[in-house]
Amino acid sequence: MSKMIDELKRTHSCGELTAADVGKQVVLFGWVHSRRDHGKAVFIDLRDRMGITQVVFEPRFAEGAHTLAGDLRLEYVIGVRGTVESRGGNVNPKMKTGEIEVHVTDLEIFNKSEPLPFLIEDEINAEETTRLAYRYLDLRRPAMQRLLMTRSKINQLTRDYFSRNGFLELETPFLVKYTPGGARNFLVPCRVAPGKFYALAESPQLFKQLFMVAGFDRYFQLVRCFRDEDLRLDRQPEFTQIDVEMSFVTQDDIFAAMEGLVALLWKELLGVDIPLPLPRMEFDESMRRFGNDKPDLRFGLEHIDFTDVVKSHAGGGVPLFEATLAQGGIFKAIRVPKEYALSRKDLDELEKEAKGMGSMGLGRAKIGEAGAWSQTPFAKAISDDLRLAINAACGAQEGDLIVFQMGRPAMVHAVLANLRLTLGKKFGLIPPYGSGGQWRFLWVVNPPLFEFDEESKTWVAAHHAFTRPHDADLAFLDSDPGKVKCYRYDLVLNGFEIGGGSIRLHDPEVQKKVFQTLGIDEAEARQKFGFLLDALRFGAPPHGGIALGMDRVAMLLTGASSLRDIVAFPKTLRGTDLMTGAPGDVSDRQLKDLHVQTVKGA
RNA sequence: GGGGUGGUAGUUAAGUCGGUUAUAACGUCGGCCUGUCACGCCGAAGGGCGCGGGUUCGAGUCCCGUCCACCCCGCCA
């Protein structure tokens with residue numbers, strides 16, 4: 001048992017002693033961060049989550065402590081008592097506590113440590129696989145401690161902000177009824193109801209709307225959500241949302257509430273003033289200029305649509321162009337100005353990337369003298385008129401390169417949107433962190449309510465069936481569903497979707513029409529959303545809401561390069577936890593209790 | 001489901017046209033050192049190259065399969 005823990009109180013953290021404390025008797029607890037043993041003088045950097053303090057052992061301070069200090073190794077957990085002394089001429093300006101050191105009179109080793117799989121240093125020197133397998137050691141690294149402390153601060157500021165503004169923090173269930181559509185759910189077998197399953201909530205969506213019907217008016221929650229979809233750099237199977245719902249509000253009211261939070265977070269955590277209100281862009285415009293609904297506005301290389309140009313020249317004699325037009329395809333390009341040279345090898349790599357996304361290839365043309373094309377198989381077939389018209393449409397000058405895609409709109413957009421990002425990174429167009437102007441927030445607004453699903457040849461809800469259409473578009477519900485815009489909005493930051501929400505459809509009559517368009521009949525609607533439909537009939541207030549991806553916000557705020565870095569115990573891309581081994585096997589007995597059979601090897 | 005990158009001491013990496021005993025740094029172990037803070041100096045241990053096949057006189061290097069990790073597409077209302 002530890003004498004020092006029982007008898008002495010920790011007086012300071014390892015990050016706070018300064019010249020003003022010289023002469024004080026102090027007690028510090030922490031980990032041996034590094035050790036410099038000079039025989040008669042032993043220097044230890046002692047670390048806790050607040051910082052590092054140098055502690056010194058010499059026989060003249062205390063014989064016993066000095067002898068014991070010879071046994072210290074990295075990551076031993078120790079307690080020291082001693083006197084704060086000035087370092088005199090040996091000040092270390094790189095350390096916050098570099099003006100002082102502690103001359104130790106008492107040392108206790110609370111616990112030893114075996115040699116570590118990797119060093120506890122800020123500079124990442126271990127592969128993520130190793131770090132994740134020993135996450136508790138990885139989290140000791142000061143850089144990781146700062147990330148999680150920032151995360152904690154975000155939570156605290158968010159709670160303060162919403163509480164101050166009259167929001168109630170209310171909880172919703174995680175174990176919910178499975179409803180089809182949307183993200184794939186994790187299913188949880190229910191022991192007491194044989195053959196039945198709960199779903200883990202993919203979001204509190206329906207419940208927060210019911211809070212509005214119940215009259216709670218302003219709700220927020222920092223809530224865990226679960227989605228059984230494939231993972232990405234910015235996607236984990238469980239993640240945290242800052243979830244918000246408000247009654248008697250317009251879209252502008254919701255924007256104002258969220259902008260206040262964003263400005264507060266950026267001010268408090270980075271000292272950055274975010275100018276409000278945040279800019280807005282129509283969904284259509286975003287698709288046209290950037291090929292997706294989450295544009296990174298930190299650089300140009302915007303898309304240029306030259307479909308009409310090709311059309312008006314009837315394909316210009318290029319068979320592939322003519323075929324694309326016949327199939328209703330579109331043509332879009334990115335102009336690469338001549339100062340950003342791309343080698344043949346670069347272009348081959350880009351083409352490979354494009355093919356990986358379903359493209360046939362990467363169209364390209366180098367602009368030469370008098371608008372001539374080279375480095376392209378189209379150079380011979382294309383008519384002079386069309387070639388010059390495309391150059392003009394793209395604003396391409398001699399020495400520029402245009403890269404383009406043609407075909408199905410979804411493919412063209414996907415390929416060029418990614419190509420734009422790849423080129424932006426390659427050309428170093430993204431402003432470095434801390435340079436100013438690097439926080440490009442954007443509301444993307446007024447997307448279509450429906451999308452046409454090519455597979456089933458039906459209209460499906462682009463987001464969900466409870467989003468309020470624009471009143472002016474109601475007439476199109478029957479005649480031309482693709483034209484119906486809705487009060488749906490995404491908050492985008494630097495190419496990441498950090499939040500999304502909508503004004504909800506609270507009018508049962510319009511709701512009925514929406515279901516009709518979707519081909520959902522009364523019975524099906526009842527079965528899927530019965531309780532919500534009921535609720536909407538019993539005096540549902542006009543309401544709307546939004547959810548911010550808290551993890552993504554934290555990732556961007558801290559400059560972390562992956563969502564995994566700001567989640568304490570994350571999963572790999574295949575959904576496994578390398579430390580615990582989850583997901584794991586269970587016994588036949590457990591399965592039997594749950595009335596579950598598994599199909600092996602199928 | 002598809003496209004791509006990677007896997008070599010505890011860790012991070014090098015390893016050329018296939019060729020003796022597979023390198024280095026950090027860490028570890030032993031010794032020395034009173035002003036270090038990437039401490040220094042002397043010495044030592046530690047891997048057979050993700051796994052399984054194959055080609056070859058000979059494979060870390062070539063081929064096939066497979067596992068794991070990462071990045072992207074699909075997917076994520």
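The shown structure was predicted, so the numbers you read here are calculated from the model rather than taken from an experiment.
- Distances shorter than 4.0 Å separate none of the side-chain N or O atoms of A/Lys40 from OP1 or OP2 on B/rG35.
- Nearest to the side-chain atoms of A/Leu119 among the listed nucleotides B/rC72, B/rC37, B/rC26 stands B/rC26.
- For A/Met95, taking side-chain heavy atoms from C-beta onward, the closest of the listed nucleotides B/rC37, B/rC72, B/rU28 is B/rC37.
- Checked against B/rU11, B/rU34, B/rA38, the side chain of A/Ala41 finds its nearest nucleotide in B/rU34.
- Not less than 6.0 angstrom separates the ring centroid of A/Tyr178 from the ring centroid of A/Phe197.
- As rounded to the nearest Å, B/rC63 and B/rG4 have P atoms that lie 15 Å from one another.
- Classified by its glycosidic torsion, B/rG53 falls in the anti category, the angle being over 90° from 0.
- Contact check, A/Arg131 against B/rA69: no side-chain N or O comes under 4.0 Å of OP1 or OP2.
- Residue A/Arg235 places a side-chain atom within donor-acceptor reach of the base of B/rC76, judged by atom type and a 3.5 Å distance cut-off alone.
- Classified by its glycosidic torsion, B/rC63 falls in the anti category, the angle being over 90° from 0.
- A gap of 14 Å separates the P atoms of B/rG43 and B/rC26, to the nearest Å.
- One donor-acceptor pair, N or O on each side, does fall under 3.5 Å between the base of B/rU36 and the side chain of A/Gln54.
- Comparing A/Glu229 and A/Gly39 against RNA chain B, the residue whose closest nucleotide sits nearer the 5' end is A/Gly39.
- Residue A/Ser34 places none of its side-chain N or O atoms closer than 4.0 Å to OP1 or OP2 of B/rC37.
- Ring-base stacking between A/His38 and B/rU36 is not satisfied when judged by a centre separation under 5.5 Å and a plane angle under 30°.
- Where stacking is scored as ring centres under 5.5 Å apart with planes under 30°, A/Phe118 does not register as stacked on the base of B/rU11.
- Ring centroid separation for the pair A/Phe61 and A/His66 does not come in under the 6.0 Å cut-off.
- Of the candidates B/rC72, B/rA38, B/rU36, the closest approach to any side-chain atom of A/Glu101 belongs to B/rU36.
- Dashed line: the shortest gap from a side-chain N or O of A/Thr129 to OP1 or OP2 of B/rU11 is not under 4.0 Å.
- Taking the ring centroids of A/Phe466 and A/Phe529, they lie under the 6.0 Å cut-off.
- Residue side chain A/Arg564 does not reach the base of B/rC70 through any donor-acceptor N/O pair under 3.5 Å, judged by distance alone.
- Of the candidate nucleotides B/rU28, B/rC71, B/rG35, B/rC71 has the atom lying nearest to any side-chain atom of A/Leu573.
- For B/rC73, the OP1/OP2 oxygens have no side-chain nitrogen or oxygen of A/Ser359 closer than 4.0 Å.
- Comparing B/rC70, B/rA69, B/rG74 against the side chain of A/Arg574 picks out B/rA69 as the nearest.
- In this structure, A/Arg36 does not reach the B/rG40 phosphate: none of its side-chain N or O atoms is under 4.0 Å from OP1 or OP2.
- Checked by distance alone, A/Glu121 brings no side-chain donor or acceptor within 3.5 Å of a matching partner on the base of B/rG27.
- When both pairing distances are held under 3.5 Å, B/rA24 makes a Watson-Crick or G-U pair with B/rU12.
- Counting heavy-atom neighbours within 6.0 Å of A/Asp585 CG, excluding the residue itself, gives a total of 12 or less.
- Between A/Arg232 and the phosphate of B/rG74, there is no side-chain N or O to OP1/OP2 separation shorter than 4.0 Å.
- For the OP1/OP2 pair of B/rC37 and a distance below 4.0 Å, the side-chain nitrogens and oxygens of A/Asn90 include no atom meeting the criterion.
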